[in-house]
Amino acid sequence: MHSFEDYNPLVLLLYNLTVAALAFFCKSLIIAGLFLLAAMLHFSLRPGKNKLKSNIFYISFGIILALINPLFNHMGSSILFFMNDNPVTLEALIYGIYSATMIVAILYLFRVFSQIMTSDRIIYMLGKISGRAAVMFSMTLRYIPLLRSYAAESKTAGTALGLCSEDGIFDKIKSRLNIYSIVMTRSLENGIITADSMTARGYGTGKRSSFSPIRFRISDLLFLLLTLALSGVIIAGILSDAVSADFYPEYILPERSLMSVISVISAAVLAFLPLSAELIAKAVINHRINSRFRSSSKDAD
């Protein structure tokens, strides 16, 4: 069993796009809440710092979104109170809560996705679409730290030679322009050298092979099929109005049926797939480590 980030990048991209689309079109507070809860737990349990600050920010942002809708949207028949002679309705408040839940869930999803998708994985995905786009993207990623190092070197050399002055604002602007000119000149020269080198090696003259350590495995296929199957059940529930609620003019929940129950269960399984994969992978690794430790202890005895 692999952890979630060890799956094929194309599978991860399809999963995130599918969940985001379902959260956007389901019109169900329960399903959107499941997606939000699963994404929040997955993000919180991942390694990293400042998780508490990020959670506070996202929750605060969601509360603000939920409160903004009833202040500007006055649709609905259940009036709670009046503010500046404008009605604040229950339906607008519930729709604001749904919208905020959906948006924050999508933000959590792609926050985790941005942590998982390294430059190698992005180049792998772009290489499947366009090899030239992958090369351009890799060169762009290479030039970002290169330009920073060029700027630092130029500033250090200019300061040592007395060409970079920080006395006044005009001197600072002049110094920054000089550094910018030097950096652009060096980057253009390196670009010409890179182009000549690629031409000398025959780039673009024929079909070239490529190597990538990322492979599409059976586990990726199983994860993809499970995602598509669960998504198909949820889409069937959305199209049959088994899970979609009516917000205006009255908030009406869909009737409870076998299809609605199956759709909600499928949404819960789909939402917690990444977290389940992470927990199962950690449990398998811990079990293997404990087994090896016990076997080594027995051999020592």
Side-chain angles (χ1 to χ4, degrees), residues 1-48 51 54-55 58-59 62 98 101-118 120-122 124-125 128 214-240 242-244 258-288:
M1 184 68 180
H2 302 286
S3 61
F4 182 67
E5 63 182 11
D6 292 333
Y7 284 100
N8 192 280
L10 295 175
V11 175
L12 299 180
L13 177 63
L14 180 62
Y15 173 84
N16 282 273
L17 292 178
T18 302
V19 173
L22 292 175
F24 186 80
F25 291 106
C26 68
K27 291 185 179 180
S28 172
L29 188 58
I30 297 176
I31 294 179
L34 288 172
F35 288 150
L36 173 60
L37 178 62
M40 183 186 297
L41 290 176
H42 187 198
F43 171 76
S44 301
L45 294 177
R46 284 187 56 80
K51 295 298 179 65
S54 299
N55 287 329
Y58 285 126
I59 293 173
Y98 160 71
T101 303
M102 176 260 298
I103 292 173
V104 176
I106 294 174
L107 290 176
Y108 268 114
L109 278 172
F110 285 98
R111 176 69 182 273
V112 175
F113 184 73
S114 65
Q115 294 176 348
I116 292 174
M117 297 306 293
T118 60
D120 294 337
R121 292 170 174 262
I122 296 175
Y124 167 79
M125 291 192 298
K128 296 296 182 181
I214 302 173
R215 296 289 182 268
F216 195 88
R217 299 161 297 189
I218 298 178
S219 57
D220 298 318
L221 178 61
L222 295 177
F223 191 91
L224 178 61
L225 293 177
L226 182 59
T227 300
L228 294 176
L230 295 172
S231 302
V233 175
I234 300 171
I235 291 173
I238 294 173
L239 295 177
S240 62
V243 295
S244 300
L258 180 61
M259 188 65 195
S260 63
V261 174
I262 294 176
S263 299
V264 172
I265 294 175
S266 300
V269 175
L270 181 64
F272 285 93
L273 269 181
L275 185 60
S276 302
E278 296 281 356
L279 295 178
I280 293 174
K282 288 181 180 179
V284 171
I285 292 173
N286 292 332
H287 177 71
R288 291 177 180 176

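In this text, all values refer to a predicted model and were calculated from it rather than measured experimentally.
Note: T101 OG1 to I106 CD1 = 11.0 Å, rounded to the nearest 0.5 Å. In this structure, the separation between CG on L36 and CG on L107 is 10.0 Å, given to the nearest 0.5 Å. Between S54 atom OG and I59 atom CD1 the span is 11.0 Å, to the nearest 0.5 Å. In this structure, CG on L275 lies 11.0 Å from CZ on R46, to the nearest 0.5 angstrom. Separation of atoms CG (N16) and OG (S114) is listed at 10.0 Å; rounding is to 0.5 Å. In this structure, L34 CG and L22 CG are separated by 12.0 Å, a value rounded to the nearest 0.5 Å.
Remark: K51 qualifies as a cation-pi partner of F43 under the 6.0 Å distance and 45° angle criteria applied to the six-membered ring.
N55 is listed as a side-chain neighbour of S44, based on a closest heavy-atom distance under 4.5 Å. When side chains are defined from C-beta on, V104 does not count as touching M40, because their heavy atoms never get closer than 4.5 Å. Between Y15 and F223, some side-chain heavy-atom pair lies under the 4.5 Å cut-off. Side-chain atoms of I234 and V243, non-hydrogen and from C-beta on, never get closer than 4.5 Å to each other. E278 has its side chain out of reach of L45: every pair of non-hydrogen atoms, C-beta onward, lies at least 4.5 Å apart. Proximity of I262 to S266: side-chain heavy atoms (C-beta onward) are separated by under 4.5 Å at one or more points. Contact check for L230 versus L273: side-chain heavy atoms found under the 4.5 Å cut-off.
Taking each heavy atom of A23 and Y98 in turn, the nearest pair found is O-OH, 3.3 Å. Between S260 and A242, the closest heavy-atom pair is CB-O, 3.1 Å. The two residues A236 and M259 come nearest to each other via the heavy atoms CB-CE, 3.4 Å. When every heavy atom of S263 is checked against every heavy atom of G237, the shortest pair comes out as OG-CA, 3.5 Å. In plain terms, the two heavy atoms of C26 and A32 that are nearest each other are SG-N, 4.3 Å.
The ring pair (Phe, Tyr, Trp, His ring centres under 6.0 Å) search around F35 returns none, not counting sequence neighbours. Applying the side chain to side chain contact (heavy atoms under 4.5 Å, CB included) test to L221 and every residue at least two apart in sequence or in another chain returns F216, L225. Applying the ring pair (Phe, Tyr, Trp, His ring centres under 6.0 Å) rule to Y58 yields the partners Y108; only residues at least two apart in sequence or on another chain are considered. When the side chain to side chain contact (heavy atoms under 4.5 Å, CB included) test is applied to L239, the partners found at least two apart in sequence or on another chain are I235. Taking L37 as the reference, L41, F272 meet the side chain to side chain contact (heavy atoms under 4.5 Å, CB included) condition, with sequence neighbours excluded. With sequence neighbours left out, the side chain to side chain contact (heavy atoms under 4.5 Å, CB included) criterion links F24 to M102.
In this structure, the side chain of N8 does not engage the main chain of D220 through any donor-acceptor pair within 3.5 Å.
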Exercise for review: Show the numbers, then the answer: is there a side chain to side chain contact (heavy atoms under 4.5 Å, CB included) between L14 and L228?
Suggested key: CA-CA 9 Å; L14 180 62; L228 294 176; 4.2 Å; yes
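Between L270 and the choices T227, I265, I31, V233, the side chain to side chain contact (heavy atoms under 4.5 Å, CB included) rule is met once, by T227.
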